[in-house]
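Structure first, then comments.
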Amino acid sequence: MAYLVRDAMRRTPMRAAFEGARLSRAFASVPGIPWATVDPNTLSEESPFVASNLVKGEWKASKEYLDIVDPMNGEKFIKCPNTTFEELQPFKESLAACPKTGLHNPFKNNQRYLMYGDITFKAAQEMRKPEVVDFFARCIQRVVPKSYKQAVGEVVVSRYFLENFCGDQVRFLARGFTVPGDHPGQQTQGVRFPFGSVGLITPFNFPLEIPVLQLMGALYMGNKVLTKNSSTTSLVPEQFVRLLHHCGMPAPDVDIINCDGPVMEALLKEPAVRTTQFTGSSRTAEHLSRELAGKVKIEDAGFDWKILGPDVQDVNYIAWQCDQDAYACSGQKCSAQSILFAHQNYVAAGLLDKVKALAERRTLDNLTVGPTLTQTTEGMLGHMRALLQIEGASLLWGGKELANHTIPKIYGAIEPTAVFVPLKRILAPENFALCTREVFGPFQVVTEYAEGELDLVLEACERMDHHLTAAIVSNDKVFQHKVLGSTVNGTTYMGARARTTGAPQNHWFGPAGDPRGAGIGTPEAIKLVW
């Protein structure tokens, strides 16, 4: 069933793009948050945040630091540890100190299940405070600029997840089973054990939500976690771990390392590390799969499709949802709408014109469009130009660099963009890889299909890689079952209000069609991965 909660976009006035001015939000009193160590309002080159490593329960400095630049203006506003190979010994010792049986399991230290239920309850309470919501939202905006509404949404989803696992719910995750024996006095009992020491690598685009959901799941099951977060956004998960300490989490349960890829890889190859969960690019996922001999669960790229069926519904709403799915957070969601298959009936109803009008409302002033942190301007525009070389292709909207911005050139800054490519041209062998390349930015491919061409659409879906999310926008049961029975996705939203993006605390969220696929958010996901 489709996720039906409408999350209407509002324009939220922002003061000029964080250029040294304080944000115009009501709750700026960071001194009232005793565990916080940064004021997002005052971050600047003159007052940078210095991130820390965490090992053996102690916050530690590093010999070297990286200067992280403000994605809005290029100022060096964060100093992030660049931990070297020579500094790894304390991390190795910390990992080795945790046995294979974990920090707790059904027969050892089982009071810790209730302890984590209590910690989770306290953390959820803390994240209900308006000043804490605002604090995390502003921290998120400083490192991965998105609208205030989107940033607050990330905080709220994280809190919902915590609320789902208070009290006895952590203990219930470890529920086992029994089977009657085949002779008197014999019985089979199955129990869930942790791995022991585990690795966790999280991405930049949801610097609170993804670390919270993944980290807590690993801790609930009894693992000791070594986490590496994206250096550009490490400020946010560090503050969350400090919140957990404030709520009673034993400090040695989690280690944090800030380093480059090869250094983290060396730690993950330590015998003590039993498994790793990785969220990020497909290239890195494939590399880790090889180097870690398959001991990895991945949630990598998603080239996410939306099919609009022949039964035209509320065109205004569906246009709004298409705009949100493709361009919210500047398209930097692994579940963002990558390609739109619009039935000719929707095109005739003016859907594309409505999406264009909505896309053109997005501005840098309120961060409904902003910098892309893994794609450059020229990289995205170059991809657009390559698509436009295909016969019959045309630019529907966008296609330009954002005007009057100060975003540094290492990042991207383009208008929300859509390129139309005829369906049969997409399917041509020489074009398919180009047309289905994920662009982690405000960019999508649009095509149209006629009555009798659904099988061509399904052929395209079958040939795609990275099946994360999808949407079937139709209330026609025959149409729905035809598409559902012919496609594979981690999460498929279905119905007149179907979307590709949704809140992963209330349903399975993870890729399908890959035995390494990890899920996040639900009890089933936690038990599968950890």
Side-chain angles (χ1 to χ4, degrees), residues 9 71 144-147 150 203-205 281-283 300-306 319-342 351-352 355-364 367-390 392-403 405 407 409-423 425-426 431-448 460 464-466 468-471 499-501:
M9 182 176 69
V144 54
K146 58 181 76 173
S147 72
Q150 288 283 325
F204 75 92
N205 55 329
S281 73
S282 297
R283 177 187 298 179
D300 57 348
F303 190 83
D304 307 303
W305 51 258
K306 178 182 287 182
W320 173 83
Q321 189 64 70
C322 286
D323 170 72
Q324 285 288 99
D325 284 344
Y327 303 128
C329 300
S330 299
Q332 295 173 107
K333 297 183 180 184
C334 54
S335 57
Q337 178 179 301
S338 303
I339 187 167
L340 176 65
F341 296 98
L351 176 101
L352 298 183
V355 178
K356 177 182 179 182
L358 292 167
E360 290 175 346
R361 293 193 317 175
R362 296 181 174 272
T363 70
L364 194 58
L367 293 178
T368 49
V369 68
T372 54
L373 304 193
T374 58
Q375 302 280 335
T376 64
T377 300
E378 181 52 36
M380 289 184 286
L381 295 182
H383 181 65
M384 177 197 72
R385 289 191 291 269
L387 287 171
L388 291 175
Q389 295 301 308
I390 298 173
S394 61
L395 179 66
L396 294 177
W397 55 81
K400 298 177 183 177
E401 184 172 354
L402 292 174
H405 72 82
I407 296 167
K409 290 187 178 297
I410 59 170
Y411 299 136
I414 70 167
E415 298 174 352
T417 297
V419 174
F420 177 86
V421 182
L423 178 58
R425 297 298 179 189
I426 291 175
N431 298 330
F432 192 78
L434 177 67
C435 293
T436 57
R437 173 192 152 198
E438 184 188 24
V439 176
F440 216 55
F443 194 102
Q444 66 174 321
V445 171
V446 176
T447 192
E448 178 182 358
M464 292 176 195
D465 296 320
H466 311 304
L468 185 61
T469 69
R499 59 198 300 177
T500 64
T501 59

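Position 1 is the first residue of the sequence; numbering continues from there.
- Between M380 and T417, the closest side-chain pair of non-hydrogen atoms is not below 4.5 Å.
- Y327 pairs with exactly one of R362, Q337, Q444 by the side chain to side chain donor-acceptor pair (under 3.5 Å) rule, that one being Q444.
- K356 has its side chain out of reach of L352: every pair of non-hydrogen atoms, C-beta onward, lies at least 4.5 Å apart.
- Between Q324 and T501, every side-chain heavy-atom pair lies at or beyond the 4.5 Å cut-off.
- One distance of note links CG of L358 with CH2 of W320; it measures 10.0 Å at 0.5 Å rounding.
- Here CG of D465 is found 7.5 Å from OG1 of T436. Values are rounded to the nearest 0.5 Å.
- Under the rule for a side-chain hydrogen bond (donor to acceptor under 3.5 Å, both in side chains), the partners of E401 that lie at least two apart in sequence or sit in another chain are H405.
- Nearest heavy atoms, V355 versus C322: CG2-CB, 4.0 Å.
- Between L396 atom CG and L340 atom CG the span is 9.5 Å, to the nearest 0.5 Å.
- One finds the CE atom of M464 at 12.0 Å from the CD atom of E438 (value rounded to the nearest 0.5 Å).
- Counting heavy atoms from C-beta outward, C435 and R425 have side chains that stay 4.5 Å or more apart.
- The closest side-chain donor-acceptor pair between S335 and D304, if any, does not fall under 3.5 angstrom.
- The minimum heavy-atom distance between V445 and V421, with the atom names listed, is CG1-CG2, 4.3 Å.
- Across every non-hydrogen atom of P422 and A393, the tightest pair is CD-N, 4.0 Å.
- Shortest non-hydrogen contact noted between G370 and L402 is O-CD1, 4.4 Å.
- A donor-acceptor pair under 3.5 Å is absent between the side-chain atoms of S147 and the main chain of T368, judged by distance alone.
- Counting only heavy atoms from C-beta outward, the side chains of I390 and V419 never approach each other to under 4.5 Å.
- Shown here are the ring-ring contact (aromatic ring centres under 6.0 Å, His included) partners of H466, two or more places apart in sequence or in another chain: there are none.
- Here the CH2-CD distance, from W397 to E360, works out to 9.0 Å after rounding to the nearest 0.5 Å.
- Considering all non-hydrogen atoms of both residues, T374 and F204 come closest at CG2-CE2, 3.3 Å.
- Contact check for R361 versus D323: no side-chain heavy atoms found under the 4.5 Å cut-off.
- Note that the CD1 atom of I414 and the OG1 atom of T376 stand 10.0 Å from one another [nearest 0.5 Å].
- No side-chain donor-acceptor contact under 3.5 Å links S330 to the backbone of P442.
- Closest heavy-atom contact between C329 and Q150: SG-OE1, 3.2 Å.
- Among the candidates T500, T469, D325, the single residue satisfying the side chain to side chain donor-acceptor pair (under 3.5 Å) test with K306 is D325.
- Using a 4.5 Å heavy-atom cutoff, the side chains of T372 and F440 are not in contact.
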